[in-house]
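Taking it in order: structure first as structure tokens, then the write-up.
Predicted, not measured: the structure shown is a model, and the values here were computed from it.
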Amino acid sequence: MSKVTVAAVDLGATSGRAIVGQLTSSGLELTETHRFPNGFQSIGPHAYWEPGRLFEEIVTGLRESKRLFPELISCGIDTWGVDYVLTSASGRLVFPVHAYRDERTNRVMQAIIDKGDARRLFDLTGLPMVNYNTGIQLMETLETFPGLTNIVDRVMLLPEYFNFLLTGQTGGDYSPASTSQLFSVDGLDWSGPALDYFGIPRHWFAQPRPAGTRLGKVRGQQDLADLDVILVPGHDTSCAFEAIPRQGRSLIVSSGTWLLAGAITDRPCMGDDAFALGISNERTGTGGYRPNKILLGLWLLEQVIPSFDKRPQSDAEWSALISAASERRIPDHLIDTTDRALFNPTHMRDAIDAQLRAAGGEPPQDLPGYVSLICASLGQSVHQTAQRFERILETAFEDII
């Protein structure tokens, strides 16, 4: 086959990157062309993303990819799930872009739980009650700013929004839609009952389409005008799960800011046990089922590092840190990664130390000690999740990928 050259732009909660892939008959060669830091900004008690800066980094990454690989023909964008923009009919932002770690939604989530409606919403959408779900975020926003119903024309989840900025076309794929708690667990469309429950107008959302759809050429960037934008699985976890070669029954673990453990299945994972475990029945880019358990991940480490003098800056420094951590004995007391106190504390090290002391443990004294503690705790959380997943699915996993 002839060489095919494409670009992937992956936006994570703490960093982003552009990677060029060249596919030939002998395999796939990857080249990172641009990398940049990311993070939400706090203004008072609330947390926000900077969509303008992120879009600038996307364009910078695509330009550098095109410069290094003039034969580049197309690109695709993925981001984290649940977060969104509110726009006018012309696509203009009409409201700040909240970050999912903004805890303004805790009150709304608790009210839903207190009314006994969490199971009903799980049965409709396949998603558990989590304070960052898009439906809960939008309910809080509309309760606080009811006048937005007269201004907003469209809700776009972040991958859809960045594709819109590149092409002028709206409509995302199934994978980010399925993280919203507004998408039907039974079909390939938004859930009318869920939208009604959260008080969200149906016309605010475009009909999702399957990944692989061609959106069109890049507009407004003359040096990228010949580049096709392709609708890829817009949720980064879906991209990770779907890209992994697998055979048989595999537990798939994706480790980043979050740690997600799950599988690609032919049906959703529903029922009492799935609800109790908090299974999130998300979708692949083409609409298949991808049930997984969402666990705290390397966010723990990212937030602990600032408590120490220096953050590793190079591959050699990271390797040295990992090597030092691997020599430590696994602590007797590990972190409970389901503890809500670790979701977005002001000081992560203090929050971890408080949990350990409450359980009778002693906090580590240095950064390698925290790396060892965090990694062992994440491993334990995956082990426990795998055991419960097997019971719910009534199957045994043959491997962990």
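Between the side chains of T144 and E140, at least one donor N or O sits under 3.5 Å from an acceptor N or O. Defined by atom type and a distance below 3.5 Å, a donor-acceptor pair is present between the side-chain atoms of D114 and Q110. Residues D186 and S184 bring no donor and acceptor atom of their side chains to less than 3.5 Å of each other. Residues D399 and S250 have side chains that bring a donor and an acceptor to within less than 3.5 angstrom of each other. With no hydrogens or angles considered, no side-chain donor-acceptor pair links S191 and T125 at under 3.5 Å.
Annotation: side chain of E302 is not in contact with side chain of T257 (no heavy-atom distance under 4.5 Å). By the 4.5 Å heavy-atom criterion applied to side chains, F40 and N344 are counted as neighbours. Inter-residue side-chain proximity for L215 and F164 is flagged as unmet; no heavy-atom pair is nearer than 4.5 Å. Side-chain contact between H235 and P159 is absent, with no heavy atoms from C-beta onward closer than 4.5 Å. A heavy-atom distance below 4.5 Å is found between the side chains of P368 and L321. Side-chain contact between T213 and P210: present, with at least one pair of heavy atoms (C-beta onward) separated by less than 4.5 Å. Residues L93 and Y161 have side chains in contact (heavy-atom distance under 4.5 Å, counting atoms from C-beta outward). Proximity of S307 to M348: side-chain heavy atoms (C-beta onward) are nowhere separated by under 4.5 Å.
Formation of a donor-acceptor pair under 3.5 Å by the E317 side chain with backbone atoms of Q313 is found in this model. A side-chain donor-acceptor contact under 3.5 Å links D83 to the backbone of Y100. At distances below 3.5 Å, at least one donor-acceptor pair connects side-chain atoms of N281 with backbone N or O atoms of C269. Under the 3.5 Å distance criterion, the side-chain polar atoms of Q22 are left unmatched by any main-chain donor or acceptor of T5. Between the T337 side chain and the L295 main chain, no donor and acceptor come within less than 3.5 Å of each other. Judged by distance alone, the side chain of T385 and the main-chain N or O of S381 form a donor-acceptor pair under 3.5 Å. Within the 3.5 Å criterion, the main-chain N or O of Y132 finds no donor-acceptor partner in the side chain of R101. Of the possible polar contacts, one joining the E242 side chain to the G285 backbone as a donor-acceptor pair under 3.5 Å is found. Under the 3.5 Å distance criterion, the side-chain polar atoms of D173 are matched with a main-chain donor or acceptor of G234. Side-chain atoms of Q222 never come within 3.5 Å of backbone atoms of G220 as a donor-acceptor pair (strictly under, hydrogens ignored).
Ring geometry, Y48 versus H46: the interplanar angle exceeds 60°, so the pair is classed perpendicular (tilted spans 30 to 60°).
The nearest pair of heavy atoms linking A7 to L62 is CB-CD2, 4.2 Å. L188 and Q207 get closest at one heavy-atom pair: O-NE2, 3.2 Å. When all heavy atoms of G76 and V232 are compared, the pair lying nearest together is CA-CG1, 3.8 Å. Taking all atoms of both residues into account, the shortest heavy-atom contact from I19 to T33 is N-OG1, 4.3 Å. Closest non-hydrogen pair, P208 versus W190, comes out as CD-NE1, 3.4 Å. Contact between P233 and D78 at its shortest, heavy atoms only, is O-CB, 3.5 Å.
Within the model, atoms OG1 of T179 and CD1 of I294 stand 8.0 Å from one another, a figure rounded to the nearest 0.5 Å. Here CG of L378 is found 6.0 Å from CG of L298. Values are rounded to the nearest 0.5 Å. Remark: I252 CD1 to N292 CG distance equals 9.5 Å, nearest 0.5 Å. The distance from atom CG of D339 to atom OG of S377, rounded to the nearest 0.5 Å, is 11.5 Å. The line from OG1 of T237 to CD of E282 is 6.5 Å long, rounded to the nearest 0.5 Å. Separating the CG atom in L165 from the CZ atom in F55 is a distance of 5.0 Å, to the nearest 0.5 Å.
Taking the centre and axis of the six-membered ring of Y174, the NZ or CZ atom of R283 falls outside the cone set by 45° and 6.0 Å. With Y370 as the aromatic partner, R349 does not meet the cation-pi criteria of under 6.0 angstrom to the ring centre and within 45 degrees of the ring axis.
Applying the salt bridge (charged side-chain N to carboxylate O under 4.0 Å, His left out) criterion to E143, with sequence neighbours excluded, gives R107.
Heavy atoms from other residues, nucleotides or ligands lying under 6.0 Å from CG of L68 number more than 12. Within 6.0 Å of CD on Q387 lie more than 12 heavy atoms contributed by other residues, nucleotides or ligands.
For the side chain to side chain contact (heavy atoms under 4.5 Å, CB included) criterion with F198, the lone passing option out of L138, T134, I136, N133 is I136.
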*I58 and L11: CA distance, side-chain angles, deciding distance, side-chain contact (heavy atoms from CB on, under 4.5 Å) verdict*: CA-CA 9 Å; I58 290 171; L11 300 185; 3.9 Å; yes
*Could you check E160 against Y84 for side-chain contact (heavy atoms from CB on, under 4.5 Å), going step by step and ending with a plain yes or no?*
CA-CA 9 Å; E160 177 185 359; Y84 57 87; over 6 Å; no
_Chi angles and distances behind the side-chain contact (heavy atoms from CB on, under 4.5 Å) call for D123, M270_ = CA-CA 8 Å; D123 290 341; M270 304 294 287; 4.2 Å; yes
_Residues N131, R340; criterion side-chain contact (heavy atoms from CB on, under 4.5 Å); working and verdict_ = CA-CA 11 Å; N131 68 327; R340 285 286 306 169; 3.2 Å; yes
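Ion pairing between a basic and an acidic side chain is recognised when a charged N comes within 4.0 Å of a carboxylate O; K66 and D226 show such pairing. Ion pairing of R35 with E64 is absent here, as no side-chain N (NZ or NE/NH1/NH2) approaches a carboxylate O to less than 4.0 Å.
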